[in-house]
Amino acid sequence: MLISKGLQTAIIDQIGREFGAAMQYVNIASYFTAGNMLMFGKLFFKQADEEIGHGMKFVRYVLDAGGRIGVPAIPVARADFKSPEDAVAAALKWEEDVTAQINGLMDIAFKEKDYIAQEFLGWFVNEQLEEVSKMNTILSVIQRAGDNLLMAESYVMETLADIESVEGGEKKAS
Ligand SMILES: [Fe+2]
Ligand SMILES: [Fe+2]
C-alpha cells in the first residue's frame, strides 16, 4: 500500500465533494440554459465534466496506490439561484472551499512525508488557482455588465477561449 488509511479516507471524502461539485455545476449550467444564456450554460456544463474528471483522478490515484474506494453520499446541490450573479457567486464560494480542502489533503501528505501524494496533489493545487481565478473573472464581468448579460457572456467566452488557446497543450487533462 502506497497510501495511509488516513489519507485514503480524506481523499474518499474529497471524491464525494468533486462529484458534488459536478452536480452543483449541472444545476448552474441548467439555470443559465433555461434562461437562454446558452454560452454560460455551455461553460458550466464543461465545468461539470471537469469535476467528474477530478473525482475520477482521485479514484484512480487511490486504486493505483493499492487502496479501496467507496464513493460517499453526495449532498443535494443548490438550484434556487436568484440571479446570474448569485449562481456564479455560489460557484466562486465553492471553488474557494475546494481550494481549502485540497490544501488540507496536502497538509496530510506533508505530515506523512508522502512524496508521491504531494506530487499528485500538486496538480490540484494549480487547478484551483485556475478555477478560482476563472470564477472571479466571470463574477466581476457579470457585476460590471449589469443588465447587459449577453455582452458579459460573449466577453467571457471570447476571453477565456483566448486564454485557453494560449495555454493550450500545457495542461490538457483538466
Ligand atoms: Fe474540482
Ligand atoms: Fe472546480
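We count ligands from 1, going down the list as the structure has it; atoms in each ligand are counted the same way. Here the structure is a predicted model, which is why all the values come from computation and not from measurement.
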- request: For the Fe ion (ligand 2), find the closest N/O/S atom on E131 and give its atom name.
  value: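 When I compare the N, O and S atoms of E131, OE2 is nearest to the Fe ion (ligand 2).
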message: Suppose we only allow N, O or S atoms; which atom of E51 ends up nearest to the Fe ion (ligand 2)?
response: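 For E51, the N, O or S atom at the smallest distance from the Fe ion (ligand 2) is OE2.
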message: For the Fe ion (ligand 1), give me the closest N/O/S atom belonging to H54, just the atom name.
response: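 The closest N, O or S atom of H54 to the Fe ion (ligand 1) is ND1.
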So that I can check it, does any N, O or S atom in [X] come closer than 2.8 Å to the Fe ion (ligand 2)?
X    : value
E18  : no
E127 : no
E95  : yes

message: Rounded at 0.5 Å granularity, tell me how far CE in M157 sits from CG in L43.
response: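 These two atoms lie 5.0 Å from each other.
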field: From I142 atom CD1 to D86 atom CG, the distance as rounded to the nearest 0.5 Å
entry: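 So the CD1 of I142 and the CG of D86 are separated by 10.5 Å.
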query: Checking salt bridge (charged side-chain N to carboxylate O under 4.0 Å, His left out) for the pair D107/K111: CA distance, chi angles, key distance, verdict?
result: CA-CA 6 Å; D107 285 343; K111 267 185 217 120; 5.5 Å; no
- prompt: Do any N or O atoms from the side chain of Q24 and from the backbone of A77 form a donor-acceptor pair under 3.5 angstrom?
  reply: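 Side chain of Q24 to backbone of A77: no pair is present.
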task: Could you tell me whether F45 and Y25 have their ring centroids closer than 6.0 angstrom?
output: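 No - the distance between ring centres of F45 and Y25 does not fall below the 6.0 Å cut-off.
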